[in-house]
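Here's the structure, in structure tokens; my notes come after.
No experiment lies behind these values; they were computed from the predicted model shown. Chain letters run A, B, ... following the sequence lines, proteins first and then strands; every chain starts at 1.
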Amino acid sequence: MGDFFKRVHEIVKMIPPGAVMTYGQIAKIIGNPKASRAVGYALRSVPEGVELPWHRVVNAKGEISTRRTFQGDEDKLLQRILLESEGVIFQKSNRIDLKRYQMFF
DNA sequence: CAGCTGACGCCAT
DNA sequence: TATGGCGCCAGCT
């Protein structure tokens with residue numbers, strides 16, 4: 001695993017319960033604003049046993065991004081449940097209000 | 001070394 | 001709002 005992935009993980013670890021950050025936002029913080037897709041790729045490969053709130057990362061529209069794997073839907077549902085358990089409210093559009101939940105440095 | 005892929009983002013329509 | 005198209009980039013093959 002490269003340095004980029006590690007930095008993504010370090011940042012995600014800092015997101016407190018009930019708050020979220022976006023893929024693009026994390027990419028910018030790392031210093032590579034155009035690597036948003038790679039951020040998602042990094043969350044896909046979280047080491048076993050590593051505690052990391054991956055569910056607190058959503059896309060720029062405030063929605064849970066679509067997985068391309070065979071268990072994608074199940075994974076998205078889990079992410080939503082985890083966020084709701086922390087008090088995050090989803091709108092009818094299946095999005096959350098970023099102005100309210102997004103965390104900034 | 002040369003593609004390929006995808007938990008993205010942005011802009012045009 | 002909702003789509004569609006395209007650029008980007010780290011890792012994998």
Review point. Taking only residues two or more places apart in sequence, or in another chain, which ones meet A:D73 in a salt bridge (charged side-chain N to carboxylate O under 4.0 Å, His left out)?
Key: none
What's touching nucleotides 1-3 of chain C from the protein side, N or O pairs under 3.5 Å?
{"residue": "C:dA2", "atom": "OP2", "partner": "A:R95", "partner atom": "NH2", "Å": "3.1"}

Check your understanding: In whole Å, what is the span from the CG atom of A:L43 to the P atom of B:dC8?
Key -> 10 Å
All N/O pairs under 3.5 Å across the protein-nucleotides 11-13 of chain B interface:
none

Using a 3.5 Å cut-off and no angle test, enumerate the donor-acceptor pairs between side-chain atoms of residues 81-90 of chain A and protein atoms at least two apart in sequence or in another chain.
{"residue": "A:E84", "atom": "OE2", "partner": "A:R80", "partner atom": "NE", "Å": "3.1"}
{"residue": "A:S85", "atom": "OG", "partner": "A:L82", "partner atom": "O", "Å": "2.5"}
{"residue": "A:E86", "atom": "OE1", "partner": "A:G18", "partner atom": "N", "Å": "2.9"}
{"residue": "A:E86", "atom": "OE1", "partner": "A:R56", "partner atom": "NE", "Å": "3.1"}
{"residue": "A:E86", "atom": "OE2", "partner": "A:H55", "partner atom": "NE2", "Å": "3.0"}
{"residue": "A:E86", "atom": "OE2", "partner": "A:R56", "partner atom": "NE", "Å": "3.2"}
{"residue": "A:E86", "atom": "OE2", "partner": "A:R56", "partner atom": "NH2", "Å": "2.6"}

**Study point:** side-chain hydrogen bond (donor to acceptor under 3.5 Å, both in side chains) partners of A:R67, counting only residues at least two apart
**Key:** A:D75, A:Q79
**Study point:** Under 4.0 Å protein heavy-atom contact, by nucleotide of nucleotides 8-13 of chain C - B base, S sugar-phosphate only
**Key:** BSSS--
Revision key, fill the gap. So the side-chain hydrogen bond (donor to acceptor under 3.5 Å, both in side chains) pairs with at least one residue in residues 28-39 of chain A (sequence neighbours excluded) are none
Study note, to complete from the structure: Those residues at least two apart in sequence (or on a different chain) that pass salt bridge (charged side-chain N to carboxylate O under 4.0 Å, His left out) with A:K99 are A:D97
Point to revise | side-chain contact (heavy atoms from CB on, under 4.5 Å) involving A:S93 - partner list, sequence neighbours excluded | key: A:Q91, A:R95
Review point. Tell me, which pairs form a salt bridge (charged side-chain N to carboxylate O under 4.0 Å, His left out) where one or both residues lie in residues 11-26 of chain A, sequence neighbours left out?
Key: A:E10-A:K13
Check your understanding: side-chain hydrogen bond (donor to acceptor under 3.5 Å, both in side chains) with A:Q102: which residues, sequence neighbours excluded?
Key -> A:Q25
Practice item. Identify the heavy atoms of A:R7 and A:I30 that sit nearest to each other, and give their distance. Key: NH1-O, 3.4 Å
Study note, to complete from the structure: Sorted by chain and number, sequence neighbours left out, side-chain hydrogen bond (donor to acceptor under 3.5 Å, both in side chains) with A:Y101 holds for none
